[in-house]
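To find a chain, count down the sequence lines: A is the first, B the second, and so on, and within it residues start at 1.
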Amino acid sequence: MEGFIRVSPKELNLSLTLVCGQCFRWKRRSKKDNVWFGIIFNHVFELTQNINSLKVNHGDDGDSVDSSIHWKLLNSSNNKTGKAAKRKKLSQDDISNLLSDYFQLQVPLVDYYDKWSKIDSNFNSKGCQLPGIRILRQDPIENLFSFICSSNNNIPRISMMVDSLCSTYGQQLFDDHEFGTIYNFPSISRLCEDGVESKLRSLSFGYRAKFIHQAAKTIMSNDAKNPEKWLFNLRNECYEKAHSQLMSLPGVGAKVADCVCLMSLDKHDAIPVDTHVWKIALNDYLPHLKKNKTMTDKSYKEIGNFFRSHFGPYAGWAHSVLFTADLAKFKKLLE
DNA sequence: CCTTTACCTACATC
DNA sequence: AGATGTAGGTAAA
């Protein structure tokens, strides 16, 4: 099954959104084209944003045929058991809604870019060159465990680790001619199994192996009947509650908790302060923090509060544009 | 409250 | 070549 979703490249730049470090399992088909291969919950997709729509400035021509993203659903996701097997087959509208939800298309990004550019010349210069960066609404389970892997780590290695989590403990979804067998993200219950830590250590997860296993067991202890539900339910709690609950998990500090709040729990003003954001804050916004030798709990909170008061309720989205501009692979583009 | 240190590994750099 | 530093941090002292 395939179809289109109508969205202008300024509202959603697919490539920038998928490679800016918020997710780790989207892959490009080849370097030439602009076809992306990835998984949204249990659905395997190919997504293509028309190259012309990125190169040509259509102005206010919102009806251009180029202003769309082509999607192709590669698996029928009917290999389930029990209730799920009886679920009605997905229609084109269902897929449109799924993608709309994943890309949070209800958020008027261009309006926000305009607003942020007006109040902040630093954002203005970077935002012009990095349009269409959206925060995805990810699966909280995958989001959480991916970012437990992210500590003191680099993006290529994090991607490898997430892939190996899926192929070791996930369920088979699809056989791809290029990427081979594709698995979904493991359930909490599988990550609780005996031997997970040593298995992950043998897969070169290092000290994160223990965090993953322990975090899964802690989540399981919160609600053994439906461990995933506990995490999803944080979407209904306020930011402070969700953040503190996440921080009760081993391997989850303030930064990882903010990543999960922002990227899968609908907390649009959560600000993950990592080394990049720390540097940005010192250089461009809060120079008095330069007196600190390292980031403290207090300065962490000060930076988050500053971004929230400066950019407003979608501060986390603004922050991700500035963060992306600071990533090494985008620096060249901005010089 | 702030600072330091150990923790795993792959890869870049000197 | 082998040491050193770094990559989206966390927890413990």
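The residues R201(A) and E197(A) are annotated as salt-bridged, a charged nitrogen and a carboxylate oxygen being separated by less than 4.0 angstrom. Between E193(A) and K199(A), none of the side-chain N atoms (NZ, or NE/NH1/NH2) sits under 4.0 Å from a carboxylate O, so this pair counts as no salt bridge. A salt bridge does not link K115(A) with D111(A): every distance from a Lys NZ or Arg NE/NH1/NH2 to an Asp or Glu carboxylate oxygen is 4.0 Å or more. We find that R25(A) and E142(A) are joined by a salt bridge, their nearest charged nitrogen and carboxylate oxygen being less than 4.0 Å apart. Salt-bridge formation is not detected for the pair K229(A)/D223(A): no Lys NZ or Arg NE/NH1/NH2 atom is positioned less than 4.0 Å from an Asp or Glu carboxylate oxygen.
Atom CG in L246(A) sits about 18 Å away from atom P in dG9(C), given to the nearest Å. Atom CD1 of I158(A) is separated from atom P of dC11(B) by 14 Å (rounded to the nearest Å). Between the CG atom of L203(A) and the C1' atom of dC8(B) there is a distance of 13 Å, given to the nearest Å. One can place CZ of F323(A) at 11 Å from P of dA7(C), the figure rounded to the nearest angstrom. Across the protein-nucleic acid pair, F205(A) atom CZ and dC7(B) atom C1' stand 16 Å apart, rounded to whole Å. Distance CG (N152(A)) to C1' (dG9(C)): 6 Å, rounded to an integer number of Å. Atom NZ of K298(A) is separated from atom P of dT3(B) by 11 Å (rounded to the nearest Å). Distance CG (N153(A)) to C1' (dT10(C)): 13 Å, rounded to an integer number of Å.
No hydrogens or angles were tested; on distance alone, a donor-acceptor pair under 3.5 Å links the side chain of Y207(A) to the base of dG9(C).
For the pair M160(A) and S151(A), both in contact range of DNA chain B, the more 5′-proximal nearest nucleotide belongs to S151(A).
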(message) Only Watson-Crick and G-U wobble pairs with both distances less than 3.5 Å should count. Give DNA chain C in dot-bracket notation, marking inter-strand partners with |.
(response) .||||||.|||||
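Within 4.0 Å (heavy atoms only), V256(A) reaches sugar-phosphate atoms of the nucleic acid but no base atom. At a threshold of 4.0 angstrom between heavy atoms, the contacts of R208(A) include nucleobase atoms, whether or not backbone atoms are also involved. C149(A) comes within contact range of no nucleotide atom at all, as no heavy-atom separation falls under 4.0 Å. Base contact: Q22(A) has a heavy atom under 4.0 Å from a base atom.
Between the side chains of H243(A) and E237(A), no donor-acceptor pair is found at a separation under 3.5 Å. Looking at D120(A) and H310(A), their side chains do bring a donor and an acceptor atom within 3.5 Å of each other. Between the side chains of T168(A) and Y183(A), not a single donor N or O lies within less than 3.5 Å of an accepting N or O.
Here the side chain of N154(A) is nearest to one of dT3(B), dG9(C), dA10(B), namely dA10(B).
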(request) Take L322(A) and F123(A) through the test side chain to side chain contact (heavy atoms under 4.5 Å, CB included) and record every step on the way to the result. (result) CA-CA 7 Å; L322(A) 298 178; F123(A) 183 94; 4.1 Å; yes
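dG9(C) and dC1(B) have their P atoms separated by 24 Å, given to the nearest Å. Taking the P atom of each, dC8(B) and dA1(C) are spaced 30 Å apart, rounded to whole Å. Look at the C1' atom in both dG2(C) and dC7(B): the space between them is 22 Å, to the nearest Å.
Residues F41(A) and L265(A) are members of one and the same hydrophobic cluster, defined by side-chain heavy-atom contacts under 4.5 angstrom among Ile, Leu, Val, Met, Phe, Trp and Tyr.
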Could you list all N or O pairs between the protein and nucleotides 11-13 of chain C that sit under 3.5 Å apart?
| residue | atom | partner | partner atom | Å |
| --- | --- | --- | --- | --- |
| dA11(C) | OP1 | G251(A) | N | 2.9 |

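The side chain of R157(A) places no N or O atom within less than 4.0 Å of a non-bridging phosphate oxygen (OP1 or OP2) of dA7(C). Note on S204(A): every side-chain N or O is 4.0 Å or more away from OP1 and OP2 of dC8(B).
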